[in-house]
2 protein chains.
Amino acid sequence: MTAEATKVQIVEAADRLFYERGYEHTSFADIAAEVQISRGNFYYHFRTKDEILDAVIRRRLETTQAMLDGWEAEGAGPVERITSFIQILIVNQTKIMAFGCPVGTLTSELAKLGHPSQAGATGLFSLFRHWLARQFGLMGRDGGEADQLALHLLARSQGVATLASALRDKAFVEAEVQDMCAWLSAQVPVPTHLQ
Amino acid sequence: MTAEATKVQIVEAADRLFYERGYEHTSFADIAAEVQISRGNFYYHFRTKDEILDAVIRRRLETTQAMLDGWEAEGAGPVERITSFIQILIVNQTKIMAFGCPVGTLTSELAKLGHPSQAGATGLFSLFRHWLARQFGLMGRDGGEADQLALHLLARSQGVATLASALRDKAFVEAEVQDMCAWLSAQVPVPTHLQ
DNA sequence: GTCTATATAGAGATAGAC
DNA sequence: GTCTATCTCTATATAGAC
């Protein structure tokens with residue numbers, strides 16, 4: 001196995017375990033077992049736990065950006081694209097009901113640890129924030145307003161994810177997603193001649 | 001010091017530290033240092049970390065119920081009472097921007113740990129849920145609808161708390177609180193003769 | 001009830017053989 | 001690049017003196 005391929009496997013395993021078990025609760029031994037390498041070999045690729053966390057955050061930034069780019073390409077207009085965002089709660093329902101939102105739970109954990117990578121994790125929120133703001137901009141909202149709507153929707157989806165993992169209530173998630181879609185429709189400006 | 005008084009001090013310190021640093025990241029030594037007793041003495045009062053967590057959750061259930069009872073007594077009507085709930089985001093703003101919501105972050109952490117006290121922590125959400133549902137009931141909503149509104153508001157405040165601790169943006173919190181209050185006003189049924 | 005001292009397990013991290 | 005063996009530190013938890 002090339003060094004790079006092993007490194008990628010480690011980061012993928014760490015990414016999943018950090019999400020499912022939390023950063024602190026995941027040990028090198030856990031990750032090494034997942035990738036089926038020895039702890040010793042592990043240190044050839046990453047010297048500290050913080051280095052792995054940084055690599056995981058970088059990877060998440062990349063995959064998130066790729067996902068947003070995909071929605072941008074697929075979605076005919078801003079409403080369809082924002083709907084893709086809202087629908088993650090349905091698409092990833094099983095994992096979210098078990099472990100919450102990967103972004104929200106990581107930032108919360110790092111905040112309590114006072115961890116230096118907090119800023120990196122917050123960058124994940126920024127990606128969504130600016131992408132959403134751009135979409136609301138395309139819907140005719142000016143900069144400040146578009147950003148506020150983006151944060152609003154981001155907060156709502158965070159809240160649903162948190163309650164989803166606490167209550168494990170599928171119907172609740174679906175009702176909230178419906179409500180967010182309805183809210184989104186209400187944001188579409190009505191053409192002047194129909195008012 | 002009586003055994004009971006020391007025990008209370010331990011639970012108070014653990015409550016604060018579990019919130020600020022997280023459950024796993026808080027050690028017995030941390031709590032003992034806070035209460036200024038030795039680690040040895042500590043084990044006279046609590047034999048395992050799970051026992052402390054249970055005591056902390058019981059304490060939170062009590063203080064939360066007391067808070068809700070207080071709002072019930074003070075608030076003239078359901079709208080004023082629900083406003084008290086929304087305003088926690090302002091009243092506890094500093095701590096929430098630093099550590100998120102104590103209920104949401106604890107349930108998230110315990111979910112990832114697969115901890116047996118998950119149900120206890122979820123009980124904290126239930127307290128808010130049923131209290132809020134009762135208030136919406138007083139506003140004329142039937143049972144199912146009142147519960148859905150309660151969960152909706154609970155989710156929104158969770159989302160604001162999560163983003164607040166990630167972004168540390170006071171203006172965002174205040175704007176969302178304003179928006180929730182406006183939403184609440186819109187839930188007040190308009191008397192038939194004015195429609 | 002409170003202490004010091006200690007047992008034991010697991011973590012992160014390193015050294016050096018292959 | 002991968003391994004085994006080991007160091008060190010910190011955590012939970014216990015034993016027993018006072």
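Residue numbers begin at 1 in each chain, while the letters A, B, ... track the order of the sequences.
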The side chain of [X] lies closest to which of these nucleotides: [options]?
{"X": "Lys49(B)", "options": "dT2(D), dT4(C), dA13(D)", "value": "dA13(D)"}
{"X": "Phe28(A)", "options": "dT14(D), dC3(D), dG12(C)", "value": "dG12(C)"}
{"X": "Asn41(A)", "options": "dA13(D), dA13(C), dG1(D)", "value": "dG1(D)"}
{"X": "Ser27(A)", "options": "dA11(C), dT2(D), dA13(C)", "value": "dA11(C)"}

Would you please confirm or rule out a distance under 4.0 Å between OP1 or OP2 of [N] and any side-chain N or O of [X]?
{"X": "His25(B)", "N": "dA11(D)", "value": "no"}
{"X": "Tyr44(A)", "N": "dG1(D)", "value": "yes"}
{"X": "Thr48(A)", "N": "dG12(C)", "value": "no"}
{"X": "Thr2(A)", "N": "dG1(D)", "value": "no"}

Give the rounded distance in Å between these two atoms: [atom1] of [X] and [atom2] of [N].
{"X": "Ile31(A)", "N": "dA13(C)", "atom1": "CD1", "atom2": "P", "value": "11 Å"}
{"X": "Arg47(A)", "N": "dA15(C)", "atom1": "CZ", "atom2": "P", "value": "12 Å"}
{"X": "Ile10(A)", "N": "dG1(D)", "atom1": "CD1", "atom2": "C1'", "value": "11 Å"}
{"X": "His45(B)", "N": "dT2(C)", "atom1": "NE2", "atom2": "C1'", "value": "8 Å"}
{"X": "Arg39(A)", "N": "dG12(C)", "atom1": "CZ", "atom2": "P", "value": "10 Å"}
{"X": "Tyr43(B)", "N": "dA11(D)", "atom1": "OH", "atom2": "P", "value": "11 Å"}
{"X": "Glu24(A)", "N": "dG10(C)", "atom1": "CD", "atom2": "P", "value": "17 Å"}

Check ion pair Glu74(A)-Arg81(A) (N to O, under 4.0 angstrom): no
Short N-O contact, Glu72(A) and Arg134(A), less than 4.0 angstrom: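 Arg134(A) and Glu72(A): salt-bridged.
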Position toward the 5' end of DNA chain C (nearest nucleotide), Gly40(A) or Phe42(B): Phe42(B)
Six-ring centre of Tyr23(A), Lys49(A) cation under 6.0 angstrom, axis tolerance 45°: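 Here Lys49(A) passes the 6.0 Å and 45° test against Tyr23(A).
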Minimal non-hydrogen separation, Ser165(A) against Gly100(A), with atom names: CB-N, 3.6 Å
Centroid separation Phe28(A) to Phe46(A) less than 6.0 Å: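 Here the rings of Phe46(A) and Phe28(A) have centres that are no less than 6.0 Å from each other.
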